[in-house]
Amino acid sequence: MNDHTKEVLWSSERSFLLWRYGSGHSQLLFRSAEFDEGSDVIRILFHTVSMVETVIRYSGPLSLVVVDHHPSYRETSKFPHMLIEIHGSDQRGFVAAGGVRITRGTRDDGEGELIYATGKATGDGGVSEVGSTRR
């Protein structure tokens with residue numbers, strides 16, 4: 001990738017809320033913001049997180065965009081990271097992480113269906129895409 005190339009990893013028309021950040025497990029979780037009874041929930045879980053610049057809410061549409069550099073990130077980890085910009089309709093954010101796992105389920109059933117996964121936690125040591133990049 002050159003300095004101007006960006007790759008859309010995944011996108012959704014939904015809005016998302018910051019749900020949890022766990023520094024001990026280096027995980028960052030966003031959940032879709034729809035709270036209607038019976039509506040499904042999309043979860044975006046970043047793992048092996050080394051840097052975060054985020055807001056609490058991203059209004060849809062939302063895109064996760066892989067970039068090859070970010071002005072505030074300097075490689076300091078011995079593990080390679082994906083550099084992912086979060087683009088909402090009104091806000092921008094940034095995450096340096098080992099990968100991301102996106103799932104859809106109900107509010108109570110945990111992860112549910114795997115939509116997309118990339119990074120070493122997918123079990124193959126590389127990129128593993130499941131389903132479409134737009135949900």
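Positions are given from 1, in the same order as the sequence printed here.
Shown here is Arg20, whose CZ atom has no more than 12 heavy atoms of other residues, nucleotides or ligands within 6.0 Å.
Side-chain contact between Arg92 and Glu53: absent, with no pair of heavy atoms (C-beta onward) separated by less than 4.5 Å. Residues Arg104 and Val41 are not in side-chain contact: their nearest non-hydrogen atoms beyond the backbone lie 4.5 Å or more apart. At least one side-chain heavy atom of Tyr21 sits less than 4.5 Å from a side-chain heavy atom of Val49. Using a 4.5 Å heavy-atom cutoff, the side chains of Leu28 and Val95 are in contact. Contact annotation: the side chain of Leu62 never approaches that of His87 to less than 4.5 Å [non-hydrogen atoms, C-beta and beyond]. Leu45 places none of its side-chain heavy atoms less than 4.5 Å from the side chain of Trp19.
Rounding to the nearest 0.5 angstrom, the gap separating the CG atom in Leu29 from the CZ atom in Phe46 is 10.0 Å. Ser11 OG to Glu13 CD: the interatomic distance, rounded to the nearest 0.5 Å, is 7.0 Å.
Heavy-atom minimum distance, Phe16 versus Ile42: CE2-O, 3.7 Å. Contact record, His81 with Tyr73: ND1-OH, 3.6 Å, taken as the closest heavy-atom pair. Pairing each heavy atom of Ser15 with each of Gly60, the nearest pair is OG-N, 2.9 Å. Closest of all the heavy-atom pairs between Phe30 and Val55 is CE2-O, 4.2 Å. Considering all non-hydrogen atoms of both residues, Ser32 and Arg14 come closest at OG-NH1, 3.4 Å. Contact record, Thr118 with His47: O-NE2, 3.8 Å, taken as the closest heavy-atom pair.
A donor atom on one side chain and an acceptor atom on the other are not found under 3.5 Å apart for Thr103 and Glu113.
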Criterion side-chain contact (heavy atoms from CB on, under 4.5 Å) on Ile86 and Phe94, from CA distance to verdict: CA-CA 6 Å; Ile86 304 169; Phe94 171 74; over 6 Å; no

Residue pair Leu9, Ile84: steps toward the side-chain contact (heavy atoms from CB on, under 4.5 Å) verdict: CA-CA 9 Å; Leu9 184 68; Ile84 303 171; 4.3 Å; yes

Full working for side-chain contact (heavy atoms from CB on, under 4.5 Å) between Ile44 and Trp10: CA-CA 10 Å; Ile44 303 171; Trp10 183 82; 3.8 Å; yes

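Within the 3.5 Å criterion, the main-chain N or O of Val65 finds no donor-acceptor partner in the side chain of Ser63.
Looking at Glu85 and Lys6, a side-chain N of the basic residue comes within less than 4.0 Å of a carboxylate O on the acidic one, giving a salt bridge.
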